[in-house]
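What follows is a set of notes on a single structure, which appears directly below.
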Amino acid sequence: MPERPTLEGLEAKWSAAWEEAGTYRFDRAATGEQIYSIDTPPPTVSGSLHVGHVFSYTHTDTMARFMRMRGREVFYPMGWDDNGLPTERRVQNHYGVRCDPSVPYDPDFRPPEEPSDREPVSVSRPNFVDLCLRLTVQDERAFEALWRSLGLSVDWEMTYTTIGRLAQGISQRSFLALLRRGEAYQLEAPTLWDIDFQTAVAQAELEDRERPGAMNGVRFHPVEGGEAVIETTRPELIPACVALLAHPDDERHRNLVGKDALTPLFGTRVPVRTHPAVEKDKGTGLVMVCTFGDLTDVMWWRELGLPVRSVLGADGRLQEVPLGEPGWDSADPGAARAAYSELVGLTINQARKRILELLAQAGDIVGEPQPVTRAVKFFEKGDRPVEIITSRQWFIRTLEHRERLIERGRELHWHPPYMRARFEDWVNGLTGDWCVSRQRFFGVPFPIWYEIDQHGNVCHERRLLPEDDRLPVDPSTDVPAGYEPSQRGQPGGFAGDPDVMDTWATSSLTPQIAGQAGVDPELYEKVFPFDVRPQAHDIIRTWLFSTVLRSELDYRELPWSDAAISGWVLDPDRKKMSKSKGNVVTPMHLLDEHGADAVRYWAASGRPGTDTAFDPKQMKVGRKLAVKVLNASKFALADLPPAGASLTHALDRALIGRLAGVVAEATDSFEDYDYARALERAESSFWWYCDYYLELVKGRRYDPDPDVSASVARALRISLSVFQRLFA
RNA sequence: GGGCGCGUAGCUCAGUGGGAGAGCGCUCGCUUCACACGCGAGAGGUCGCAGGUUCGAAACCCGCCGCGCCCACCA
C-alpha cells in the first residue's frame, strides 16, 4: 500500500499487462449466444483523430467491457478506412504528386522529399497507390497508439483495412454476386458529378451550401410570334435547353402550350409543355428545362421523354457541340455557332457572365437581374457545386427495395429509439439508385474487363468476369482468363474497367470484412449477424443505410440486432467541430494531461445520441474521481483483518443492500445502452459511500476488538470490489 | 415547407405524476489520523411562454416562441 497513491504509471503498467495476458483477445471456442460482436466503425485514415472519435469510441468500449463482465465473449475488432478520396487528397498534398493513369509505372519512383510549390509531379496509378499505402500505414500506427492510450479493449489481432486484400476480395465478390442477380447494373445516365475531382458522387454525399446568385429574366421567341419570358439563375445552360414548361392550370401560358419556341442566341426549337411540378407563382410561371441544371431537370427530362443536349464537359467547361446538326437544329446555324464560339472552353462562371452580355446585346434580357441567395448542392468534400453530367456508371438497385429497408429499420433496435426516424426519412427521400462507381484511383477496382471489337471499340455489354477464387483482381494490371497481357487495349483484345468503388460500397460490408466472410467461414458463422453497430448520427444515411442495404441484398437479414447512435462533440460555443472552422480539438494532449480514465469519464457522461459540448472541466472531475477511488481503496484495504468474517452489523448489511440496488440500476442502464446513466449512478453512490459510510465506520474499523472490526472489514472488501467493477 | 431533438441555478447537465437536484464556479469555515484532486456550511432557480388533463405537473396533452440537426425546395 503506497503512502500516497497516484495515477501516474498505472496506464503503462496495465495496458502492457493486458496485452501480455491477451485479456481482450476473442476466444474462438465461444459459441452462439455467448458471443457479443461489435461492428466497429473504421475511422477514416486521413490525418488525425479528433476528440469526437475519442468520445464515441469510448461509448462503444464501455459496452464491450460491460458485456465481457456479463460473461459474453466479445468480438471487438478495429478497422481502418483508408481507401477513398481523403487519402488521395492527403497524398497529393503530402508528396506534391498527382495521379495520371496514362503515365507508365516507374518501379524506381521516389517521392519528392518536400512537396514543391510548383506543379505537382504526375505519377502512374500504381505509384500513386503505393504512396497512398505508404502514408496510410504511418497514420494507422499513430491511430493505434492513440487507441491504446485511451485504453480501448479491442482485439488488435483482428484489425482490417478497407484497402486491404480481404476487403477488396469481399467487396468484389459481393459486387459480382449483385451483378449476377441483376441488383447491380451499368448505365449511361445523368449522374451527380464533381468537376474538380472529376468523378461521379452519390446523393448521400451531397450537402447544401448557401451561395449568392442572380435571377435573370430571359426572353424566348415563340415560333408563332409573341414572347415567352423565363427566369433563370443559370443562363449558361440556355444552349442545353430542351423544353419550356408551365403548370397545366396556368392560364397565362395556355396559348403557348403545345407549340414551339426558339431559344435566344441559338435559335434552337424547343417545345412548350406542361408538368404539375411547375410552380405557378415562381418567376413568370414558365421554366426552362436544361440537360441538366438540377435534379428537377432530370425528373422532367425523364418523365416527359425529352432529348439530351449536353453542353457541360467533365471538367466543368462548356464543350464543343455540333450546332446546326441533327439534335442541335437551329433557325440560324451561323448565328448559333457564332454565339456558342464565345462560350466554348469557358468555365461555368465565365460562361454565365459572357452569355449575359450576349443576351443583353441581342435584347433578350428582360428587366434587371435580381440578387438571390440560394442553397446549392455540393459534394461534401468538394469546392465547387456538383453538376449533372451524363456518364457511364455502376449502380446498385435501391429504390425498389425501399419498403423492405423500412421494415428492416423497424426490426433494428435503435439506441436512442428516435434515431430510426432519420433512417426512414432518408429511405423515403431517395430519388435514385446508388451510384457506386468513382473515377478515382485509391479504391477497390471493379473486377470487370470488357471485350474490344475489331474496330477498337470497347463493348461495355460484353463483360469478362473473373472466377470468385481469383479475387481480388485489379483489371488495370491483371488479365482476364483466355487473354494475353499484350491484348490490353488492342482490337480483339480487352480493356479493364477503369473505375473504383465508392468508399461506402466497401464500408457497407464491414460486418463481412471484420468477420472474414468467405475466408474464415467458421469465424463468420459465429459473429454474423453482429450484435451492435455503434456509430454517429450523421452517417445514418450513408454507412448505416448502405450496410442494411447490402445485408438485405446478400442475406435478406439485418447485419446486427442493435444500433447504438452517438452524438457529436461540439466546441464550447456549441458549434460543430470542423477543420475549416479551425475549432478541432486533438485528443493526445488531453490523455497526457488528464489521463485516460478522466477523458473516458468525460466521454461516457455524454448521453447516447446527444451532442455534447467539449468541456475539459469534466475531465478534471473524472480525474478527481479516479484519485478518490485510489484514496478510498487505501483506507478500505490498509491493515484489514483476514477475510472470512460475516456481515453482522446492521449498517454494513444496509450498505451492501444499497449497493445491490445500484448494481441493478447500472446493469439495467447498460442493457439499454445507456452507459451515461450507469456512470452517473455509480459515481453518485460512490461519493455518498465515501462521505457517509466510510466516515461512519471509522470508529468500528479501528476498534481493537476483532469481533467489532470484522464486519466492517468484510463490508469494505465487498463494497470496494463492487465500485471498482462498476467503474470498470 | 416536413421530420427529429433540445430549452431546469452564472456554466455543464441529471431528474417521465407528489421533497426542485448534482458537479463546476461563488461565499464562509476546516491541514479532522484514506483523500486539500479533500471535508463541512451557505447564497443562487416564476423548471422557455400560454392553455389543458389531474386531488397534485419541471414531467402527460395542445398551441406558441427560441436553438440545433436531418430532409425537401432552390426555374
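The chains referred to below are lettered A, B, ... by the order of the sequence lines, with proteins before strands, and numbering in each begins at 1.
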Is the shortest side-chain N/O distance from A/Lys628 to OP1 or OP2 of B/A34 below 4.0 Å?
no
Contact under 4.0 Å: A/Gln203 side-chain N or O vs B/C70 OP1/OP2
no
Atom CD of A/Glu207 and atom P of B/C70: how far apart are they, to the nearest Å?
9 Å
Nearest to the side chain of A/Ala375 - B/C74, B/C71, B/G15?
B/C74
Roughly how far, to the nearest 0.5 Å, is CZ of A/Arg658 from OG of A/Ser685?
7.5 Å
In whole angstroms, how far is the C1' atom of B/C71 from the CE atom of A/Met419?
15 Å
Considering only B/C74, B/C37, B/U12, which nucleotide approaches the side chain of A/Asp615 most closely?
B/U12
Taking B/C73, B/C4, B/C71 as options, the one with an atom nearest any side-chain atom of A/Ala421 is B/C4
Counting any heavy atom closer than 4.0 Å, what does A/Lys620 reach on the DNA or RNA strands: base, sugar-phosphate only, or nothing?
nothing
Between A/Leu206 and A/Thr232, whichever has its closest RNA chain B nucleotide further toward 5' is A/Leu206
Taking the nucleotide of RNA chain B with the closest heavy atom to each, which residue, A/Glu8 or A/Glu680, is nearer the 5' end?
A/Glu680
Using a heavy-atom cut-off of under 4.0 Å over every strand shown, decide if A/Asp294 touches base, sugar-phosphate, or nothing.
sugar-phosphate
Under 4.0 Å, counting only non-hydrogen atoms across every strand here, what does A/Ser684 touch: a base, just sugar-phosphate, or nothing?
nothing
Pairwise P distance, B/G7 and B/C13 [rounded to whole Å]:
10 Å
To the nearest Å, how far apart are A/Leu7 CG and B/C37 C1'?
9 Å
Strand partner of B/C49, provided both Watson-Crick or wobble distances fall under 3.5 Å:
B/G63
Using both distances under 3.5 Å as the test, list the Watson-Crick or G-U wobble partner of B/C11, or none.
B/G23
Quickly work out the A/Asn631 CG to B/C35 C1' distance and round it to whole Å.
4 Å
Would you say the base of B/C24 and the side-chain of A/Lys617 have a donor-acceptor pair closer than 3.5 Å?
no
Indicate the ring-plane relationship of A/His275 and A/Trp300, choosing parallel, tilted or perpendicular according to the 30° and 60° boundaries.
perpendicular
Need one value for A/Val627: base, sugar-phosphate or nothing, where a base atom within 4.0 Å counts as base even if backbone is also close, heavy atoms only.
base
Examine the side chains of A/Arg725 and A/Ser721 and answer whether a donor and an acceptor come within less than 3.5 Å of each other.
yes
How many angstroms lie between CD1 in A/Ile540 and CZ in A/Arg533, if you round to the nearest 0.5 Å?
10.5 Å
For B/C26 and B/C11, measure between their C1' atoms and round to the nearest Å.
12 Å
For a quick test of reading the model: is some side-chain N or O of A/Arg209 closer than 4.0 Å to OP1 or OP2 of B/C74?
no
Could you tell me how far B/G19 sits from B/C24 if I compare only their P atoms? Round to whole Å.
26 Å
Can A/Arg681 and A/Ser669 be counted as having a side-chain donor-acceptor contact under 3.5 angstrom?
no
Round to a whole Å and report the spacing from NZ of A/Lys282 to P of B/G1.
13 Å
Euclidean distance for C1', B/A72 against B/C4 (whole angstrom):
15 Å
Scan A/Met215 against the nucleic acid and name what it touches under 4.0 Å (heavy atoms): base, sugar-phosphate only, or nothing.
sugar-phosphate
Rounded interatomic separation in angstrom, taking CG from A/Leu694 and P from B/U32:
19 Å
My understanding is that only one of A/Ile348, A/Ile195, A/Asn349 makes a side chain to side chain contact (heavy atoms under 4.5 Å, CB included) with A/Arg384; could you say which?
A/Ile195
Select one nucleotide: of B/C37, B/C69, B/G3, the one nearest the side-chain heavy atoms of A/Asp425.
B/G3
Now, which nucleotide makes the Watson-Crick or G-U wobble pair with B/G1, with each of the two distances under 3.5 Å?
B/C71
Looking only at atom C1', what distance separates B/C49 and B/A57, rounded to whole Å?
16 Å
Check the phosphate of B/A14 against A/Arg607, side-chain N and O only, distance under 4.0 Å to OP1 or OP2. Yes or no?
yes
Checking base pairs now: Watson-Crick or wobble, both atom distances under 3.5 Å. What partners B/G29?
B/C39
What nucleic acid atoms does A/Val278 come within less than 4.0 Å of, heavy atoms only: base, sugar-phosphate, or nothing?
base
Base, sugar-phosphate, or nothing for A/Glu683, non-hydrogen atoms under 4.0 angstrom?
nothing
note: A/Ile565, atom CD1; B/G5, atom C1'; distance rounded to Å ~ 14 Å
Base, sugar-phosphate alone, or nothing: which one does A/Arg4 contact when heavy atoms must sit under 4.0 Å apart?
sugar-phosphate
Looking only at side-chain N and O atoms, does A/Tyr702 come under 4.0 Å of OP1 or OP2 in B/A34?
yes
Kindly determine whether A/His221 and A/Asp364 satisfy side-chain contact (heavy atoms from CB on, under 4.5 Å), including the steps that lead there.
CA-CA 9 Å; A/His221 306 281; A/Asp364 285 331; 3.1 Å; yes
If the C1' atom of B/C35 is compared with that of B/C28, how far apart are they to the nearest Å?
22 Å
Over all strands shown, is A/Cys290 touching base, sugar-phosphate only, or nothing at heavy-atom distances under 4.0 angstrom?
nothing
Which part of the nucleic acid, if any, lies within reach of A/Glu279 when heavy atoms closer than 4.0 Å are counted: base, sugar-phosphate only, or nothing?
base
Is A/Thr296 close enough to B/C74 that one of its side-chain N or O atoms is under 4.0 Å from OP1 or OP2 there?
yes
Over all strands shown, is A/Asp691 touching base, sugar-phosphate only, or nothing at heavy-atom distances under 4.0 angstrom?
sugar-phosphate
Is there a side-chain contact between A/Lys377 and the phosphate of B/A72, meaning an N or O under 4.0 Å from OP1 or OP2?
yes
Does NZ or CZ of A/Arg420 fall inside the cone over A/Trp414's six-membered ring, less than 6.0 Å from its centre and within 45° of the axis?
no
Measure from the ring center of A/Phe379 to the ring center of A/Trp193 and say whether it is less than 6.0 Å.
no
